[in-house]
2 protein chains.
Amino acid sequence: MAEYWSTLDVDLHLAVDPDSGRRVGLEHALREAIRDGRLAAGARLPSTRTLAVELGLARGTVSAAYDQLVAEGHLVAVRGSGTRVAAQSGRAPSDARTTDAASGAGTAAKSGTQRAADPVRFPHDLRPGTPDLSRFPREAWLRAARRAVNEAPSDVFGYGDPRGRLELRRALAEYLGRTRGVLADPEHIVIVSGALQGLALLGRVLGGGMAMEDPYIPLFHKAVRTTGTEVVPLLVDDDGARVEQLRGRAFRDVEAVVVTPSHQYPIGSTLHPARRQTLVEWAREGAGRYVVEDDYDGEFRYDRQPVGALQGMLPDRTVYLGTASKTLGPGVRLAWMVLPEALLDPVTEAKRHLDHQSETLGQVTLAEFITSHDYDRHIRASRLRYRRRRDLLAERLRTKAGRPAAGFALGGIAAGLHALVRLEPAGMSEAEVLARAAEFGLGLEGLGGLWDTGPKGRSGQNRARPQGIVVGFGSPTEAAYPRALDALVRTLSWR
Amino acid sequence: MAEYWSTLDVDLHLAVDPDSGRRVGLEHALREAIRDGRLAAGARLPSTRTLAVELGLARGTVSAAYDQLVAEGHLVAVRGSGTRVAAQSGRAPSDARTTDAASGAGTAAKSGTQRAADPVRFPHDLRPGTPDLSRFPREAWLRAARRAVNEAPSDVFGYGDPRGRLELRRALAEYLGRTRGVLADPEHIVIVSGALQGLALLGRVLGGGMAMEDPYIPLFHKAVRTTGTEVVPLLVDDDGARVEQLRGRAFRDVEAVVVTPSHQYPIGSTLHPARRQTLVEWAREGAGRYVVEDDYDGEFRYDRQPVGALQGMLPDRTVYLGTASKTLGPGVRLAWMVLPEALLDPVTEAKRHLDHQSETLGQVTLAEFITSHDYDRHIRASRLRYRRRRDLLAERLRTKAGRPAAGFALGGIAAGLHALVRLEPAGMSEAEVLARAAEFGLGLEGLGGLWDTGPKGRSGQNRARPQGIVVGFGSPTEAAYPRALDALVRTLSWR
């Protein structure tokens, strides 16, 4: 018997197996519905009378089924307000799985099927990966969209160049040159949906292997491996990627090296000038060698002079990857690759086979947003805001929580939207910090999940493998940030 | 010395080499920035005072550098409006390779590097693949975007469910059930960028081979093959895909069959009811067998009752693919898959590895567009318009050009945005028609380019392989359509 049941709140398709007895069948069907989220936490169930009528069951049968599920903790009966799905039961409201968490640079590590588990939500959230989404410039963006869409030729709605709209590629060429020192010809730019897609495209077109920083973002490693390309982890320290390793046997077949030279993710270090030089030399030595520069947060540099893009030193051998994910938000799915001549056609062709081209209305909107300088204004305002947050983070950890002697040190704070709390061997372990944070309702990301080679390294010896917590200070709202910092300070104040 | 310089409007990364003297260094840095396009023609420079402060130089040094570059013609100083980059200076952004044309269902066949050749443009264009882009409902779409983006929670700008926004999945579940008889649970819908991406995702997750109609869209065959999945061509006739072939040896390892049952592309036939039944039986016989229903133009049916989606007969074994490419335009890159339970998690996971999720602002806009019924209104108006065009096409070919005896017959006109002009052996060949069309400035698509097995078949014998011209009556503007038909009539009036 399959029944549709409507209450004030929900329509629910409830399949009651006739073979399993009516009460047991109803119990089972309800349990299933709660478990897989069709009945969300907090959802109100119909009265026993209503449901009995709708399902053609005796009211006592329905009551008995409800009682059983209350006993099991799946339902809560509150006098006067009926029966509801328990808060801890099943999946969160239908937007479960909706987000996020699964991602971002930071949490991307949590792979596996998203569907199985609820995305975890925290009262305080300092997980890295997204900017403050509440500051998305909705009004300016909508105005830009109106201008751009109204002025665009009709072909904007059609199939077009797999590289993306020329309006945007021109705007980016100017913007990237001006702000990041990137030598970008609009013809050599390919608009993609994110760094992830950019790396997957490269994985498809490169013949050899790819070296990728470790720790970095496991989803990125995995996405490249999915294309059949071998990924060789390249360890990282406080001077960025240890590029001298590229001379080793393990890297013999490596054709491209993926680095985050301006602000290593997640360690936060800047690639040392001598290492930049080593990397450039490595690339120049072999015929088909490339550096892939993931410049995911190059716009946000606070203390020192900005480090110009490495691409400016080596334009014919660098793939530059930039993104709007940290400046606007990852939902817009707009990122860009600046490609050397030799890779342009293969990547363009691979993009065409993947999804023809990226969505165009967002592209012309972003082009308008950049050329009107709304983008600069938004970034400048964001930079000030994140800088204040960064300063506040450093201040709070210096004065209110432990000192370095107490077990941690803050690093990687010269740029970007995240910092690394390096845990000293004498202090708490990552697991302990994360457990304490959970007690305070605080979401954090442990470094442990970001190693491609696992938190203990390939040998399982955990040699020189730092423990740490990645603190994303970008994502909370302005109002939520101070309380999130309070929770962080409490978490780290272990003595 | 690398400096970040901000003016009212812009940020500029300017590398001033400290060894070359301050004025000369600044001059050089500016000259380089202009030459390689980082400072675009017309860009306004900061005042000498601002720049001097920001770079820590004397104001006179900056003035002298500006003067030198004005003298060289790189900059222009306009009294009262500051200093700008000269119009002729630096690189001109080149527009070569700008577009497009490369695609659409129709022209997708023209693979190879896009870059080599300019897309061919015709004064009259009846190539299939796109709707009339000039009729994109810009104003209604922008209004929906404003409502949707203003009302959306902030998480719309973040990482989310790889399946796409729940708002859109809910709107589509209702819409598809109502208009196409699709049994769609929002939880089982995955938003993708197009049928191409949908097929590529399936290619990734399916273990066995895929049978795909032939003729169809060669880019689609190729995109699936790129994933490593074997594609077995399934021939088509006037009753749709010849599904009885599925019993043959060549199809032994086939796990999924891709069909266009409502309106075969490009032949235009409808899958015969007996064949639907055969296909359903085939799918039910084996454990992991699926039918993939590409319902690319199911909204446009003119004469008979619309043929309900096959998915309604076989929901647990059908992957339904729908798209906004024919209703709105392919530029929005919004399409949807309705998946059976067993494929949902693998496809969701593959989507996450491919590009995390599709762009979200377009998704919430389309959700609003559907729930406000603007989508229905737009489709209804479009259907009337295309039906008139279809009638006019039939009329013109009946009365003004040759009769069937004169060498051709019109078919596939019950639905969609294209028809097939079948060429009789006694008349002109495809090549002759296309050559004549080119003389009249008319773009058409020959059937020959759409065979996966080539226009002569695998045996090279060309047995029973029809010759024909695919006429897309969707893409011209209303004003251009009559003249395009004139050119078609002249092309076909060979005696």
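Because only heavy atoms are used, hydrogens play no part in the values below, and waters and symmetry mates are left out as well, while side chains stay in. Quick note on labels: first sequence line is chain A, next is B, and so on, each numbered from 1.
Side chains of B:Arg333 and A:Ser193 form no contact here, defined as non-hydrogen atoms less than 4.5 Å apart. When side chains are defined from C-beta on, B:Tyr159 does not count as touching A:Leu133, because their heavy atoms never get closer than 4.5 Å. A:Phe157 has its side chain out of reach of B:Leu328: every pair of non-hydrogen atoms, C-beta onward, lies at least 4.5 Å apart. Proximity of A:Asn150 to B:Leu142: side-chain heavy atoms (C-beta onward) are separated by under 4.5 Å at one or more points. No side-chain heavy atom of A:Phe136 sits less than 4.5 Å from a side-chain heavy atom of B:Val156. Side chains of A:Arg352 and B:Leu196 form no contact here, defined as non-hydrogen atoms less than 4.5 Å apart. Using a 4.5 Å cut-off on side-chain heavy atoms (C-beta onward), B:Val332 and A:Thr360 make no contact.
Of the listed residues (A:Gly329, A:Gly194, A:Pro330), the one with the most heavy-atom contacts under 4.5 Å to chain B is A:Pro330. Between chain B and the options A:Ala152, A:Gly312, A:Ala145, the largest number of non-hydrogen pairs under 4.5 Å is found for A:Ala152. Interface remark: of the candidates A:Gln197, A:Gln363, A:Glu359, A:Glu359 forms the most heavy-atom pairs closer than 4.5 Å to chain B.
The part of B:Pro153 that comes within reach of chain A is its backbone (N, CA, C, O), which places non-hydrogen atoms under 4.5 angstrom from that chain. Residue contact with chain A, scored on non-hydrogen atoms closer than 4.5 Å, is absent for B:Ser475. Neither the backbone nor the side chain of B:Arg135 comes within contact range of chain A; no heavy atom of the residue lies under 4.5 Å from a heavy atom of that chain.
Listed here is the closest heavy atom pair of B:Ser134 and A:Ser154: CA-OG, 3.4 Å. Residues B:Arg204 and A:Arg204 approach most closely at NH2-NH2, 4.5 Å, considering heavy atoms. In terms of heavy-atom proximity, B:Glu349 sits nearest to A:Lys222 at OE2-NZ, 4.2 Å.
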Legend entry - Test log, rule salt bridge (Lys or Arg N to Asp or Glu O under 4.0 Å), inputs A:Glu151 and B:Arg138: CA-CA 10 Å; A:Glu151 282 166 22; B:Arg138 298 186 194 220; over 6 Å; no
Legend entry - Audit row: A:His356, B:Ser325, side chain to side chain contact (heavy atoms under 4.5 Å, CB included) steps and yes/no: CA-CA 12 Å; A:His356 255 307; B:Ser325 289; over 6 Å; no
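Atom CG of B:Asp355 and atom CG of A:Leu354 lie 7.0 Å apart (nearest 0.5 Å).
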